[in-house]
Each structure stands twice: as structure tokens, then as C-alpha cells.
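Comments concern the structure below.
From a predicted model like this one, the values you see are computed outputs, not experimental measurements. Whatever order the structure lists ligands and atoms in, that order sets their numbers, starting from 1.
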Amino acid sequence: MPAKLHLPRRYAWLLALIASASLVAGVYQVAAQRAKAELLARAQQQLQLMAPELESALEKFETLPFVIGFQENVAEALADPTRGAPIARVNRMLKTIQQQSKVGAIYLMDRDGKTIAASNWDLPLTFVGRNFGYRPYFREALAGGAGRFYGIGSTTSEPGYFIAQPVRAGGAVVGVIAVKISLDEFERNWQGSEDTIVLADRAAVVFLSNRPGWKYRSLRRLSPVTERELASTLQYARQPIAWLDDAAAPHAVRQVGRLGWELQLYPASQRAARNAALWTLAAALVLASGVVAAWAVHQRRRRLEEQFAARTALQAAARELDERLVERTALLRQANHELEAKYATLKQTEHALRSTQDELVQAGKLAMLGQMAAGVTHELNQPLAAIRAFADNAITFLARGQAEKASANLLHIGDASARMGAIIAQLKGFARRSGSMALIDLAQSMRASAFLLDSEFRRLGAVLTISDARHSPTPLMVAGDAVRIEQVFINLLRNALDAVETAPLRTVSVTLEQDGVHAVVRIADTGPGMPGEVEAHLFEPFFTTKPSGKGLGLGLAISSSIVQAMNGQLTGSNRPVGGAQFEVRLPLADKGH
Ligand code: ADP
């Protein structure tokens with residue numbers, strides 16, 4: 001069950017994946033925490049550098065209004081503000097000092113808070129004539145102390161830091177000198193920072209920041225008292241002060257100046273995220289390389305295991321092969337022995353069969369000789385009787401002196417003896433044991449066989465026809481033993497002759513044909529044909545329906561074995577028109593034979 005085998009492994013991978021994911025997540029958490037803490041610490045350090053700078057800028061002009069308050073023409077102007085010349089002098093002086101000290105504005109107010117002289121006396125938005133009696137710095141200075149304040153100018157709408165000092169005459173406060181300082185430069189310096197930097201007042205209202213959206217917002221919820229105070233002093237003109245909840249983010253804080261201000265730095269959150277991401281990436285890389293290394297080790301081990309397994313399997317297979325080879329070799333050897341034994345037996349059997357066949361052939365021939373004896377005797381007797389008669393007559397003719405008649409008779413004697421010689425020659429050839437292989441013309445062989453039975457045919461009044469169905473001048477040639485082929489033909493012709501002996505029509509027809517690479521000799525007769533049980537046993541040795549002395553039942557058996565030995569076939573059947581028909585089928589001799 002492969003599914004069951006794979007399941008734990010898949011779980012292991014899943015577990016490893018979850019473990020790595022939580023590890024990476026954990027690293028991210030810790031790294032983010034640490035990055036935040038580090039950034040906060042850095043922010044604190046940064047504030048430590050920034051705060052003194054800001055404080056020194058605020059402090060730098062602390063004494064300026066104080067010093068101006070001691071100028072004689074200031075007291076002179078305050079003494080009678082309706083006189084133009086002293087006011088003009090103060091105006092010029094304040095302008096000169098303002099330009100030299102690079103502050104926003106310097107101006108002089110009477111006890112009611114009305115501005116009677118100012119450095120910007122000649123500008124469209126001059127403070128001259130305006131009353132700042134409602135501003136806290138004025139009231140503080142009037143009370144005899146220094147007044148400090150940050151707010152949006154009611155005339156210029158520009159924010160600034162105000163420092164005010166009383167002007168005394170004979171111990172009494174007769175007016176107030178105020179200096180307005182712009183803090184815009186700080187704001188501009190912070191612009192480049194990625195972190196959010198704010199300067200907030202005592203009430204936690206942001207009035208300087210490098211993030212425009214943070215300005216004039218409160219970092220804490222404002223109390224009603226504070227709200228009323230802001231409205232009365234017009235500190236931030238009439239701007240609505242909304243609560244800023246971004247300020248909940250961790251940040252560094254430092255007290256600055258004399259007004260309870262707070263300089264705050266909010267480290268850019270993306271910086272912490274970036275730091276944490278870097279750490280996480282490093283951790284992930286370490287983890288990944290660990291995994292890759294583990295995987296490589298695992299793969300290597302597996303490959304080694306596979307190699308080992310393959311080697312052992314190969315060795316086992318080789319061993320098994322060896323064993324099987326030995327086993328098979330033994331079996332083969334045994335089979336070989338058995339085959340050899342069988343072959344030897346077969347050889348013996350074949351030898352026995354061959355000698356049996358030879359004997360059979362010989363026996364068949366002898367039997368046929370016996371059968372032919374009567375015919376042959378008759379054949380030889382006739383010419384012999386004729387020779388005797390011709391000889392007797394020749395003697396008589398010679399005695400009468402009829403030489404011509406005598407010589408005619410002697411010629412007849414010669415003919416008759418020649419015929420006898422031919423018969424004897426045929427018989428000699430027939431009695432011979434099997435001869436050598438030769439090229440045989442089947443038509444010629446058939447004619448020679450018919451010749452031997454000629455007298456028999458004539459005696460029984462039977463007709464023998466031999467025809468070549470091919471109508472070709474080239475003879476049908478086969479390779480074989482001439483004597484044996486004639487033996488086959490004589491057998492078949494004799495059987496046909498026997499069959500027609502008692503038939504009303506006594507005809508035996510021999511046809512020569514070619515069928516592909518075979519020569520076919522067909523011997524058909526007009527006899528009674530063969531009953532079914534005879535047809536089934538035709539080629540069995542010693543099967544005969546003929547009376548003893550006439551047939552041995554060997555003819556067809558021998559003929560068939562002769563034809564088979566020549567790679568041919570002998571078949572017998574009944575003809576549809578009546579009578580039997582035997583067919584000898586022999587392979588044609590090759591052209592080069
Ligand atoms: P035998 O001629 O000595 O009997 P054969 O082997 O030549 O032996 O023939 C076996 C038998 O086959 C014959 O006895 C005969 O019954 C049958 N036979 C052979 N040729 C013919 C034929 N042309 N017509 C009818 N029967 C035949």
C-alpha cells in the first residue's frame with residue numbers, strides 16, 4: 001500500500017514547513033521588536049543632539065528685549081506716544097536691530113498693549129497700532145517678568161516665538177518690548193528626515209513638524225480649560241485643533257525650552273519593518289540553505305542506499321543466473337544424451353526399415369515376376385514357335401531349292417529372335433536391385449512399362465492409351481531410379497488391367513501433366529472401381545482382394561514407398577464416371593539436373 005507509506009512522510013514535510021514558517025515568523029517578531037527598540041534608542045540620541053540646538057536658538061534672543069528696554073529713546077517714546085519724532089527714532093532703531101539680529105520682528109507696546117513702534121513700521125502688515133494686550137507674553141511682561149509664548153501672529157498669520165520684557169521708568173513698568181523669532185528654519189531642516197519629528201507645546205498641540213498633516217493637531221485629548229485658553233489667547237489663530245491618534249505609536253520624547261515643550265521623534269515604521277525583513281530574510285536564507293543541505297545529504301544517502309541495493313540485487317541476480325545456468329546446462333546435457341540415444345535408435349530403426357523396404361521391393365518384384373511368368377512364357381513361346389516353324393519351312397524351301405522363300409523365312413526368324421531379346425532385356429533390368437539416380441523422361445518410362453505388359457493387354461482385348469496433356473515438345477523430366485519408377489508404373493498398369501478384365505469396356509488411359517513444379521501421371525481405368533473398405537486399406541502391405549497366386553497385396557504399398565522416397569505422392573480414388581484412378585505426383589527435375 002504505497003499511500004500508507006507516503007502519508008507519514010507527507011506529514012513530516014508539512015510539520016517541517018509549519019516549523020520553518022513559525023521560525024521565520026518568530027524571527028520576524030523578534031527582529032521587529034529589536035529593530036523598534038534600537039530605532040527608539042537611536043531616536044533618543046538624535047533628540048539629544050537636536051534639543052540643545054533648538055534651545056540655544058530660543059535662548060539666544062532672551063536678553064535682546066531686555067537690552068532694548070534700557071534704551072533712552074524707548075522711554076522717551078513711551079512717555080508721550082503722540083510725539084512723532086521720538087517714535088520715528090525708535091522705529092528706525094528697532095528696524096536696524098531686527099535686520100542685524102535676523103529676528104522676525106521687534107516691537108514696543110504701551111501699558112495697554114497697544115503697539116506704538118515696530119521694526120516693520122514701514123511695511124503693509126505693520127504691528128504699529130495693533131493691540132496685543134490679550135497675549136499672555138504681554139501680560140507676563142507687564143507683571144514684571146519675562147513673557148514667552150509661541151503662536152500664530154494675528155497680523156501676519158505667521159507663527160513665531162515671542163519673548164517679551166518690561167520697560168521700566170522709575171521702578172514702574174511703563175511698556176513692553178517684544179521680539180518675534182521664526183522657527184521655520186528648524187522645520188525646514190527636519191524636512192529631509194524619514195522619521196516624523198514634532199515640537200508640541202505644554203498642551204500637546206503640535207506647532208512644528210516635518211509632516212504637514214500633524215501640525216496644529218493635539219497629541220492628547222484637550223481639556224475644556226485648555227480649549228478655552230487657546231480661544232482666549234488666539235495662540236493658533238482660530239484653527240480647530242483635532243486629536244491625532246497616530247501619536248500612539250512608540251516614539252522618543254525630550255523636554256525643550258522654558259515653556260514645557262516636547263520634542264518628539266517617531267521612527268519611520270517602514271524602517272523597523274525593513275530591518276526586521278532583512279533579519280527575516282537572513283534567517284530564511286539560513287533555513288533554506290539548511291534545508292538544501294539536508295536535502296542534498298538525504299539525496300546522497302538515498303543514492304548510496306539505492307546503489308547498494310542495486311549492487312546486492314545485481315549480485316543476487318548474477319548468483320541466481322549462475323545457479324540456473326548450471327541447472328540448465330545439466331538439463332541440456334541430459335536432454336542431449338537422451339536425444340543422442342533417440343537418434344541412435346532412430347538410425348537403427350531407419351536402417352531396419354530401409355532394409356525391410358528393400359526386401360519388400362525385391363519381394364514385390366519377385367512376386368510380379370511370378371505373375372508375369374505366364375505372360376512372359378507366352379510372349380517368348382510365340383516367337384519361339386514361329387522361329388521353329390520358319391526354320392522348318394526354311395529347311396523345306398532350301399531342300400526344294402526355293403532360296404528366296406528360305407531367306408524370307410530366315411528374316412522372320414531374325415525379327416522374332418530380336419523381339420525375344422527385347423523382352424529378356426526388359427526382364428533383366430527389372431530383376432536388378434535398385435540402380436542409381438538419373439534423369440528420367442516419364443513418357444519414355446511409361447512406354448517401356450506398357451511394352452512389358454503389351455501381350456497381356458492384347459490377350460484380354462484391353463486398350464491402353466498414353467497421352468501428354470501439355471502439348472509440349474519438352475519431355476517431363478524427374479530425378480530418380482528408372483527401374484523403380486517403371487516398377488511403380490507396371491504395378492499400376494497391371495492393377496488397372498486386372499480391374500478391367502471382366503468389365504464390358506476395357507480401357508486404360510494414361511495422362512501426363514504438369515502441375516506447377518510437379519509432374520503428374522494419371523492412370524484411369526473403366527473397371528468397377530474400389531469399394532469403400534478397399535479404398536481405406538489400399539496402401540497396406542498384403543492387403544488384396546485377389547485370389548492367392550494372383551495377388552500378394554504388396555504392389556501399392558511398395559509403389560507408394562518408392563514414390564515417397566522420391567519426394568512424391570501416390571493417391572488412388574474412384575472416378576465419378578466409374579472406374580478407379582491412380583495419380584503419381586513427382587517433383588520436376590531442376591533445369592541444371
Ligand atoms: P494386389 O494387386 O496384389 O492385390 P495391390 O497392392 O496392387 O495388391 O492392390 C491391392 C488391392 O487394391 C487390390 O487387391 C484391389 O482390390 C485394389 N485395387 C488396386 N487397383 C485397383 C483398380 N485399378 N481398380 C479396383 N481395385 C483396385
(message) Pair E320, R324 - check salt bridge (Lys or Arg N to Asp or Glu O under 4.0 Å), show working.
(response) CA-CA 6 Å; E320 201 180 325; R324 227 182 271 172; 2.6 Å; yes
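Annotation for R42: atom CZ does not count as buried by contact number, only 12 or fewer foreign heavy atoms lying within 6.0 Å. In the displayed structure, Q191 atom CD is contacted under 6.0 Å by more than 12 heavy atoms of other residues, nucleotides or ligands. Within 6.0 Å of atom CZ in R34, 12 or fewer heavy atoms from other residues, nucleotides or ligands are found, so the atom counts as exposed in its surroundings.
Polar contact with ligand 1: absent for D498 (N/O pair, distance under 3.5 Å). Residue L556 has at least one nitrogen or oxygen atom sitting less than 3.5 Å from a nitrogen or oxygen atom of ligand 1, judged on distance alone. Checked by distance only, ligand 1 and T545 come closer than 3.5 Å through their nitrogen or oxygen atoms.
Residue contacts with ligand 1 include G529, since one or more of its heavy atoms lies under 4.0 Å from the ligand. Remark: distances from the non-hydrogen atoms of D525 to ligand 1 include one below 4.0 Å.
The distance from ligand 1 to the heavy atoms of A499 drops below 4.0 Å at these ligand atoms: 22 (C), 23 (N), 24 (N).
With rounding to the nearest 0.5 angstrom, the OG1 atom of T329 is 12.5 Å from the CD atom of Q334.
Between F539 and F582, the angle of the ring planes goes over 60°, which puts this pair in the perpendicular group of the 30/60° scheme.
By the criterion of a heavy-atom distance under 4.0 Å, the side chain of V534, and not its backbone, is placed next to ligand 1.
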